[in-house]
Amino acid sequence: MKDKKLTKGTLKRIGSFATPYRSSIVIYLSTVVVESILIIITPLVLRELIDKGVLKQNANLVTSLALLVGGLAIFDAGLTLFGRWYSSRIGEGLIYDLRVKVFTHVQRQPIAFFVRTQTGALISRLNSDVIGAQQAFTSTLSGLVSNVVSLVLVAATMFYLSWQVTLVALILVPIFLLPTKWVGRKLQRMTRSTMHLNSEMSSTMTERFNVSGALLVALFGRPRVESEHFAAKARRVADNGIQIALFNRLFFTSLTLIASVATAIVYGIGGHLSIDGALTLGTLLALTTLLTRLYGPLTALSSVRVDVMTALVSFERVFEVLDLQPSIKDEPGATPIRKAPPRIAFQDVHFGYPAAADVSLASLEAVAKPETYTGGEILKGISFDVGPGEMVALVGPSGAGKTTITSLLPRLYDVTAGSIEVDSRDLRSITLESLRDLVGVVTQDAHLFHDSIEANLRYAQPDATEEEIVDACKGAQIWDLIQSLPDGLDTVVGDRGHRLSGGEKQRIAIARLLLKDPGVVILDEATAHLDSENEAAVQQALGSALSGRTSIVIAHRLSTIREAHQILVIDNGEIVARGTHDSLMKDPGLYRELYELQFSNS
């Protein structure tokens with residue numbers, strides 16, 4: 001990470017982001033050039049004020065030139081404000097473009113990406129790295145143009161006023177340039193390291209500062225340990241920051257010292273020339289004023305490598321995310337599918353989870369170790385059919401592959417071999433948008449956003465009428481509860497719905513599914529963690545969800561699937577038995593064993 005070189009073509013890609021702002025950048029840089037020109041005008045006016053006004057006791061000229069200097073200062077201030085406004089437009093526009101582009105791109109990534117990625121590290125790319133990148137077009141670019149123009153104009157003016165004094169002043173310039181390359185490389189490495197450490201801290205805070213993380217820390221009595229771990233990371237960031245500040249200060253102090261020595265030399269030589277009559281007093285003062293404006297741009301340009309490298313590192317980290325192509329996307333020629341209960345066919349489906357390098361970025365993962373998982377088949381030759389409006393149930397021990405089977409239908413993952421067909425069409429020939437609109441899922445731990453009940457429901461159908469929302473809530477057996485709440489549908493459910501009980505969350509999730517009105521319903525142990533009272537309410541709600549829809553149900557409680565048209569018994573990624581409840585109970589197989597074990601325990 002620290003020693004990584006910039007990727008070839010980075011500069012060209014950065015330029016593509018500036019294209020929409022080309023005219024604004026030209027106007028902004030024009031104001032910068034005019035400001036640079038004003039830098040040399042004021043000393044020249046002061047030269048005339050001293051030589052032809054003060055020394056010749058011309059009061060009118062002194063007054064006129066003093067007013068001109070004041071007017072130039074006012075004009076320069078107005079121009080600076082105008083330039084700052086344009087700079088903000090460009091900078092904020094770039095931040096907007098980059099953030100939206102990264103967010104949209106990340107949304108298209110497969111579930112495998114989010115399984116491996118640390119949320120905090122990803123958020124860091126959207127925040128700090130995007131802001132660092134936009135500085136390339138505002139402060140860094142404007143500083144570069146301004147300082148180059150100023151340097152050329154100031155040096156030319158100084159040569160015009162006195163080439164002898166100017167040559168002496170420029171003798172020390174090589175000393176300016178010597179430390180630049182070394183300091184630039186050092187700061188580039190430290191900047192990369194700091195960005196990486198900041199993303200680690202962001203990840204730690206994201207994981208701990210939510211209800212589930214905070215509960216885990218509190219219940220295991222580890223707040224002190226967590227504080228120590230966080231403090232260790234924060235200390236490393238602080239140490240890096242101290243080193244960066246020290247290098248910057250040492251760098252600029254050295255350059256300022258050299259500039260001060262050069263100014264002293266000019267005063268000394270120029271003073272003698274003025275005494276000898278070879279140089280006027282006004283010219284000497286103009287030269288010394290211009291000299292401070294010569295070494296200023298030189299100092300800034302000597303550190304421009306540091307600023308550019310910092311911005312380039314930020315851009316690289318953003319591009320790293322944008323370059324990760326989604327492994328699951330619409331195939332060429334894919335077309336939508338109608339939203340109606342379809343026939344589903346799994347045909348000799350094999351599946352193994354993808355390797356980390358195919359779906360994620362090492363820099364976004366928590367553990368900096370090589371991938372040790374070598375793959376292997378999770379599903380082996382899965383074949384079954386579900387007719388329109390029928391229900392198939394998947395049962396089997398934990399880890400058998402039941403959830404993996406249901407994850408393949410909405411293409412959260414793609415099959416390794418074999419095929420899945422919906423109404424005789426291969427899944428990959430169907431657009432992802434229409435496929436996922438067709439499928440509705442309720443898991444055992446339904447996710448709710450930290451928002452109102454209504455907002456969570458409208459996530460399924462943003463333009464739903466109030467009547468449709470009420471009907472969905474009634475169908476999910478949750479409307480009476482919502483009515484009893486002081487804020488009704490406006491009640492905020494809390495982080496991940498933690499203000500509600502498990503049964504209430506599940507019924508809201510079912511109401512959301514009813515609003516979506518999918519043709520296919522997947523229930524992944526939707527009642528697994530509920531007590532008997534909540535389970536009864538949820539089961540009644542599920543009756544509405546499953547009615548008339550093609551459905552695949554993973555059941556923990558086998559009593560809930562007795563009416564399934566077909567039950568598939570899954571073990572070690574294979575279908576080891578299939579049939580109805582009655583037929584499976586007649587055979588001394590895994591299903592009967594699980595059923596009898598469950599009811600003997602109850």
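Basis for what follows: all heavy atoms, side chains included, without hydrogens, waters or symmetry-related copies. As the structure is a computational prediction, the values presented were derived from the model and not from experiment.
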Nearest 0.5 Å please: distance from the [atom1] atom of [X] over to the [atom2] atom of [Y].
X    : Y    : atom1 : atom2 : result
I344 : S424 : CD1   : OG    : 12.0 Å
L379 : E574 : CG    : CD    : 10.0 Å
E468 : C473 : CD    : SG    : 12.0 Å
D414 : K329 : CG    : NZ    : 11.0 Å
R236 : N240 : CZ    : CG    : 8.5 Å
I552 : Q566 : CD1   : CD    : 10.5 Å

Of all heavy-atom pairs between [X] and [Y], which one has the smallest distance, and what is that distance?
X    : Y    : result
L514 : A472 : CD1-O, 3.5 Å
S383 : I575 : O-CD1, 3.5 Å
A460 : R512 : CB-O, 3.2 Å
M391 : E563 : CE-C, 4.1 Å
I328 : P110 : CD1-CB, 4.2 Å
L457 : L515 : O-CD1, 3.4 Å

Below 4.5 Å, heavy atoms only, C-beta onward: do [X] and [Y] meet side chain to side chain?
X    : Y    : value
E504 : R499 : no
S314 : V130 : no
D517 : Q461 : no
V439 : P518 : no
D587 : R592 : no
D423 : R338 : yes
T406 : T403 : yes
I405 : I382 : yes

Test item: [X] side-chain N/O and [Y] main-chain N/O as donor-acceptor pair under 3.5 Å:
X    : Y    : answer
R562 : H581 : no
R436 : R411 : yes
D571 : V576 : no
D524 : I554 : no
E390 : G387 : yes
K402 : V553 : no

**Derivation and outcome, side-chain contact (heavy atoms from CB on, under 4.5 Å), residues Y595 and V395** = CA-CA 10 Å; Y595 192 88; V395 301; over 6 Å; no
**Request:** Taking atom CZ of F114 as the centre, report whether more than 12 heavy atoms of other residues, nucleotides or ligands fall under 6.0 Å from it.
**Result:** yes
**Request:** Count the heavy atoms belonging to other residues, nucleotides or ligands that lie under 6.0 Å from CD of E331, then report whether that count exceeds 12.
**Result:** yes
**Message:** I'd like to know if R428 pairs up with D330 as an ion pair, taking the criterion as any Lys NZ or Arg NE/NH1/NH2 lying under 4.0 Å from an Asp or Glu carboxylate oxygen.
**Reply:**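 No.
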**Prompt:** In terms of side-chain geometry, is the basic nitrogen of K586 or D582 positioned less than 4.0 Å from the acidic oxygen of its partner?
**Reply:**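 Between D582 and K586 there is no salt bridge, as every charged N stays at least 4.0 Å from the carboxylate O atoms.
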**Prompt:** Stepwise, does the salt bridge (Lys or Arg N to Asp or Glu O under 4.0 Å) test hold for R425 with E421?
**Reply:** CA-CA 5 Å; R425 292 180 58 186; E421 294 186 352; over 6 Å; no
**Message:** What verdict does the side-chain contact (heavy atoms from CB on, under 4.5 Å) test give for Q444 and L523, after you've listed the backbone C-alpha separation in whole Å, the side-chain angles of each residue and the deciding distance to 0.1 Å?
**Reply:** CA-CA 8 Å; Q444 59 183 309; L523 303 179; over 6 Å; no
**Item:** Worked check of side-chain contact (heavy atoms from CB on, under 4.5 Å) between I567 and T580
**Value:** CA-CA 6 Å; I567 298 173; T580 62; 5.9 Å; no
**Item:** Trace of the side-chain contact (heavy atoms from CB on, under 4.5 Å) decision for L448 with L500
**Value:** CA-CA 10 Å; L448 299 180; L500 304 175; 4.0 Å; yes
With a cut-off of 3.5 Å and sequence neighbours excluded, list every side-chain donor-acceptor pair involving residues 345-352.
from : atom 1 : to   : atom 2 : distance (Å)
Q347 : OE1    : S419 : OG     : 3.4
D348 : OD1    : H350 : NE2    : 3.2
H350 : ND1    : E377 : OE1    : 3.4
H350 : ND1    : E377 : OE2    : 2.8
H350 : NE2    : G381 : N      : 3.4

**Distance-only donor-acceptor check, side chains S583 and R578, under 3.5 Å** = no
**Item:** Pair S407-T404, side chain to side chain donor-acceptor pair (under 3.5 Å): steps then yes or no
**Value:** CA-CA 5 Å; S407 297; T404 303; 5.9 Å; no
**Item:** Qualifying residue for side chain to side chain contact (heavy atoms under 4.5 Å, CB included) with V422, from T550, L427, V520
**Value:**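 Passing option: L427.
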**Prompt:** With D97, which residues qualify under salt bridge (Lys or Arg N to Asp or Glu O under 4.0 Å), at least two apart?
**Reply:**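 Checked D97 against salt bridge (Lys or Arg N to Asp or Glu O under 4.0 Å); zero matches.
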**Item:** Passing option when H105 is tested against Q107, Q109, K101 for side chain to side chain donor-acceptor pair (under 3.5 Å)
**Value:**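 The passing option is Q109.
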